[in-house]
Amino acid sequence: MPGEVRIDEGQAVAQTAAILATLRDPASEKFAQRAVDAYLGSGRSANLGGSYNALARSYLHRAEPDPERATAATRSALEAVGDQRTSWVVGPAAKTWRTLDARWGTMPAVRELGEPVAAAQRPALTSGTNV
C-alpha cells in the first residue's frame, strides 16, 4: 500500500539508537547494542552497519569517550556492508572517523581506520569501465 511503512522490532530499535546517538543521549549505547545483536547473522548487512555506526557514536558520547571501541565499531560498520558501499553506512562511518582522527589521530587503530574509510568512499568501477 502506498504510504505504509512496515517496520520490525529490529528497525525500531536501530532507529531509536541512531536518534539517541545523534542527540548524544547515553541510552543510545544500550539500544545500539540491541540493534547490533538483532542484525548479527540476519543477512541484513546495511541495517547491521547502521547499527554499528550508532554504537560507535554512542561510545564517543560517553562521559569518558571510548575511542578504541568507537574505532572498532566503525570498522565493523564498514565490514558489514563490504563492497556494497551503502551510502547511509559509509557516510556516517566517515564522519565518525573524522571525529576520531581530529581528537585521537595519534592512536594506531584510528590511523589504520583511515584507509578502509577512504576505500569505502571511492566510487566503484562499473562493469563497462576501462581500466
Side-chain angles (χ1 to χ4, degrees):
M1 254 188 192
E4 184 177 324
V5 177
R6 295 181 187 257
I7 188 166
D8 62 23
E9 184 177 348
Q11 289 169 310
V13 171
Q15 286 301 311
T16 300
I19 291 165
L20 291 175
T22 299
L23 296 173
R24 298 174 181 249
D25 187 312
S28 65
E29 187 174 337
K30 172 182 69 171
F31 282 94
Q33 188 60 62
R34 279 182 53 202
V36 166
D37 293 344
Y39 288 122
L40 278 172
S42 71
R44 294 169 73 178
S45 59
N47 294 79
L48 178 60
S51 299
Y52 273 122
N53 275 333
L55 188 59
R57 289 192 311 272
S58 74
Y59 291 144
L60 293 178
H61 300 320
R62 286 177 168 180
E64 291 290 325
D66 190 338
E68 289 181 358
R69 291 182 79 182
T71 299
T74 302
R75 182 178 297 279
S76 293
L78 294 173
E79 290 170 352
V81 296
D83 291 335
Q84 290 178 356
R85 298 183 180 178
T86 307
S87 63
W88 54 271
V89 174
V90 171
K95 184 177 179 182
T96 299
W97 177 77
R98 286 189 298 273
T99 299
L100 286 160
D101 189 48
R103 291 187 63 188
W104 299 283
T106 59
M107 291 178 61
V110 171
R111 282 195 317 270
E112 292 165 9
L113 181 61
E115 178 51 36
V117 167
Q121 292 182 300
R122 289 185 199 117
L125 295 175
T126 61
S127 61
T129 303
N130 291 327
V131 184

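Quick note: numbers below take in every heavy atom, side chains included, and nothing from hydrogens, waters or symmetry partners. Positions are given from 1 along the sequence.
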Under 3.5 Å: donor-acceptor pair, side chain of [X], backbone of [Y]:
{"X": "Asn53", "Y": "Val89", "value": "yes"}
{"X": "Gln11", "Y": "Asp8", "value": "yes"}
{"X": "Ser28", "Y": "Arg24", "value": "no"}
{"X": "Arg62", "Y": "Pro26", "value": "no"}
{"X": "Tyr52", "Y": "Ala72", "value": "no"}

Looking only at heavy atoms, what is the nearest atom pair of [X] and [Y], with distance?
{"X": "Thr71", "Y": "Ala109", "answer": "CG2-O, 3.4 Å"}
{"X": "Tyr59", "Y": "Ala73", "answer": "CE1-CB, 4.2 Å"}
{"X": "Val81", "Y": "Ala46", "answer": "CG1-CA, 3.9 Å"}
{"X": "Gln84", "Y": "Ser45", "answer": "OE1-OG, 3.1 Å"}
{"X": "Gln121", "Y": "Ala94", "answer": "NE2-CB, 3.1 Å"}
{"X": "Ala54", "Y": "Ala32", "answer": "C-CB, 3.9 Å"}

Can you tell me how far apart [atom1] ([X]) and [atom2] ([Y]) are? Round to the nearest 0.5 Å.
{"X": "Ile19", "Y": "Asp25", "atom1": "CD1", "atom2": "CG", "answer": "11.0 Å"}
{"X": "Glu115", "Y": "Leu78", "atom1": "CD", "atom2": "CG", "answer": "11.0 Å"}
{"X": "Ser76", "Y": "Leu48", "atom1": "OG", "atom2": "CG", "answer": "8.0 Å"}
{"X": "Arg34", "Y": "Thr16", "atom1": "CZ", "atom2": "OG1", "answer": "8.5 Å"}
{"X": "His61", "Y": "Thr99", "atom1": "NE2", "atom2": "OG1", "answer": "8.0 Å"}

Could you check if a side-chain atom of [X] sits within less than 4.5 angstrom of a side-chain atom of [Y], using non-hydrogen atoms only?
{"X": "Val13", "Y": "Tyr39", "value": "no"}
{"X": "Arg75", "Y": "Glu112", "value": "yes"}
{"X": "Trp97", "Y": "Val110", "value": "yes"}

Following the transitive rule for hydrophobic clusters with a side-chain heavy-atom cut-off under 4.5 Å over Ile, Leu, Val, Met, Phe, Trp and Tyr, establish whether Leu55 and Leu100 coincide in one cluster.
no

Linking I/L/V/M/F/W/Y whenever their side-chain heavy atoms sit closer than 4.5 Å, directly or via other members, would Val117 and Val90 fall into one cluster?
yes

